[in-house]
**Student:** 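Here it is, the structure, as structure tokens.
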Amino acid sequence: MAPSIDESNALFDFVVQKGNGVKGLVDNGIKMGPEHDQVVGTITKAAETLGFFQVVNHGVTLELLESLKGAAHNFFAQPPMEKAVYLKEVSPSPLVKYGTSFVPEKEMALEWKDYVSMMYTNDDEAHAQWPPQCKDVALEYLKSSTKMVRILLEILFENLGVSLDEEKFESLTGLKMVNMNFYPSCPNPELTVGVGRHSDMGTLTVLLQDGIGGLYVKLEQDVEDEWIEIPPIPGALVINIGDTMQILSNGRYKSTEHRVRTTSSESRVSVPLFATPKPSEKIGPLPQLVESDGVAHYKQVLFGDYMKNFFGKAHEGKKSLDFAQHDDSA
């Protein structure tokens, strides 16, 4: 077990007098007092209950976050024909897709949202194929956030009694997408939604929202259909658990329904990073948890099949998770 240094004199002695330096703190995994354990406990409790939490001091600079919001506004301020270059049917790159709503051909009513989605394969292809208005800042956001995702997943897996090595981390986050969402001000916001009620399909989602608000999360433990807003906090990033993490944890962590409301006053932007397995990966409850729980609450599925099912239907709460349910419990 890593040593813990709580007393300032002991810390000074270890770092300075004994010559270990601050590198010694990192090499030995020394925890700086009780705050670390408190933060870890807060994160895991949020993952087990609400499925959403916000983080600050996350390593993504405030300047970058402001630049992201500006880049999103700049992209959607372009004339329609310049954005339409990236429509799914004609986009010059399979990595970039521009569109409206979620799956409009399957929906009774359109969601009040335009978006551009940028899939990451490597730096060179991102620089060459992502839209010039936002590629640099979006790529920097992806790289900075991925470091935080690694830390969060290590915390969540450690709480489950499972180690997360590099191979496992890559298998769970091998497909990454940065989306930029634009919600124009709506003359009749009570008649539509920005995004319908749904859970995310992947492992973890990192979300930058602007100061306008509108993100709501369903309180599943309540009998009634009650929703709470995730209020914008300057400089904070919103983290939410995806379906994949609920499946892997055998139901201990919760992917929660959420939705976005529109507003009549201002246009809103948000920038999520979706960290998901590659389509070729199989996902299912971790064997260690099945053994300790005595039952597997989900079956093993190919993530590519899960994706196809997810994108093949309109948003409908957590119905997408039924795809991984055992046939006798679906």
Side-chain angles (χ1 to χ4, degrees), residues 1-2 4 6 29 31-60 145-164 168-169 172-173 197-209 213 215-259 272-276 283 285-286 288-298 317-318 321:
M1 179 177 292
S4 179
D6 293 324
K31 294 186 286 188
M32 303 299 290
E35 293 83 3
H36 174 271
D37 291 339
Q38 183 179 357
V39 170
V40 167
T42 301
I43 289 172
T44 55
K45 183 178 180 181
E48 292 168 347
T49 53
L50 187 60
F52 272 74
F53 54 94
Q54 301 201 64
V55 293
V56 295
N57 301 323
H58 38 60
V60 185
S145 297
T146 298
K147 298 175 184 177
M148 174 185 57
V149 168
R150 174 63 184 262
I151 294 172
L152 292 173
L153 288 180
E154 287 178 347
I155 290 171
L156 293 171
F157 271 74
E158 182 180 351
N159 182 59
L160 298 174
V162 179
S163 61
L164 181 69
K168 188 65 176 177
F169 175 72
L172 296 178
T173 63
R197 52 198 300 170
H198 71 287
S199 57
D200 292 347
M201 67 175 180
T203 305
L204 279 184
T205 301
V206 179
L207 174 72
L208 168 65
Q209 57 174 342
L215 173 62
Y216 286 79
V217 174
K218 185 175 184 291
L219 296 179
E220 290 198 28
Q221 64 269 30
D222 288 355
V223 176
E224 296 183 2
D225 193 26
E226 183 177 352
W227 297 73
I228 62 169
E229 185 175 11
I230 304 296
I233 297 176
L237 291 169
V238 178
I239 310 296
N240 67 278
I241 303 297
D243 291 349
T244 296
M245 183 59 87
Q246 178 165 331
I247 293 168
L248 290 166
S249 68
N250 208 26
R252 297 190 192 183
Y253 296 140
K254 310 299 182 185
S255 64
T256 304
E257 279 186 57
H258 50 287
R259 66 188 183 192
L273 163 65
F274 300 105
T276 78
I283 59 171
L286 295 167
Q288 301 94 322
L289 301 183
V290 175
E291 182 178 356
S292 61
D293 294 346
V295 62
H297 294 297
Y298 306 95
K318 291 187 66 172
L321 201 57

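This is a predicted model, so every value here is computed, not measured.
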**Student:** How long is the straight-line distance from OH of Y253 back to CG of L248, given to the nearest 0.5 Å?
**Tutor:** 11.0 Å
**Student:** Pick from T205, D200, L156, L50: which one makes a side chain to side chain contact (heavy atoms under 4.5 Å, CB included) with I241?
**Tutor:** L156
**Student:** Can you tell me how far CD of Q288 sits from OG of S163, rounded to the nearest 0.5 angstrom?
**Tutor:**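 Nearest 0.5 Å value for the OG-CD distance: 7.5 Å.
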**Student:** What is the minimum heavy-atom distance between R252 and S292, and which atoms define it?
**Tutor:**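 Closest approach of R252 to S292: NH2-OG, 3.2 Å.
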**Student:** Work out which heavy atom in I43 is nearest to a heavy atom in F53; give both atom names and the distance.
**Tutor:** CG2-CZ, 3.8 Å
**Student:** Using only atom types and a distance under 3.5 Å, with no angle test, would you say the side chain of T203 pairs donor to acceptor with the backbone of L172?
**Tutor:**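 Such a contact is found between T203 side chain and L172 backbone.
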**Student:** Between N250 (side chain only) and V295 (backbone N and O only), is there a donor and an acceptor less than 3.5 Å apart?
**Tutor:** yes
**Student:** Rounded to the nearest 0.5 Å, how far does CG of L237 lie from CD of Q209?
**Tutor:**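 If we round to the nearest 0.5 Å, Q209:CD and L237:CG are 10.0 Å apart.
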**Student:** Between L289 and L160, what is the shortest heavy-atom contact and its length?
**Tutor:**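 Scanning both residues, the minimum pair turns out to be CD2-O, 3.7 Å.
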**Student:** Over all heavy atoms of both residues, which pair between A275 and V149 is shortest? Give the atoms and the distance, please.
**Tutor:**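 In terms of heavy atoms, the two residues are closest at CB-CG1, 4.4 Å.
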**Student:** Test side chain to side chain contact (heavy atoms under 4.5 Å, CB included) on N240 and T256; report intermediate values, then the result.
**Tutor:** CA-CA 8 Å; N240 67 278; T256 304; over 6 Å; no
**Student:** Under the 3.5 angstrom rule, does the side chain of T244 hit a backbone N or O of M201 as a donor-acceptor pair?
**Tutor:** yes
**Student:** Considering non-hydrogen atoms only, spot the tightest contact between A236 and L208 and give its length.
**Tutor:**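 Residues A236 and L208, closest heavy atoms: O-CD1, 4.4 Å.
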**Student:** To the closest 0.5 Å, what do you measure between CD1 (I239) and CD1 (I230)?
**Tutor:** 11.5 Å
**Student:** Using the side chain to side chain contact (heavy atoms under 4.5 Å, CB included) rule, take I155 and N159 through it: C-alpha gap first, then chi angles, then the decisive distance, then the call.
**Tutor:** CA-CA 6 Å; I155 290 171; N159 182 59; 5.8 Å; no
**Student:** Just by modelled atom types, is the S255 backbone N or O under 3.5 Å from a matching donor or acceptor in the Q246 side chain?
**Tutor:**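 It does hold such a pair.
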**Student:** Taking the side chain as every heavy atom from C-beta outward, state whether T146 and V206 have any pair of such atoms under 4.5 Å apart.
**Tutor:**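 No, too far: nothing below the 4.5 Å cut-off.
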**Student:** Enter the distance from L164:CG to E158:CD here, rounded to the nearest 0.5 Å.
**Tutor:** 10.5 Å
**Student:** Keeping the roles fixed (side chain from Q54, backbone from P231), state whether a donor-acceptor pair exists under 3.5 Å.
**Tutor:**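 Pair found, side chain donor or acceptor close to backbone of P231.
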**Student:** With rounding to the nearest 0.5 angstrom, report the CD to NZ distance, E154 to K168.
**Tutor:** 14.0 Å
**Student:** For F157 versus M245, what's the shortest heavy-atom pair and its separation?
**Tutor:** CE1-CE, 3.7 Å
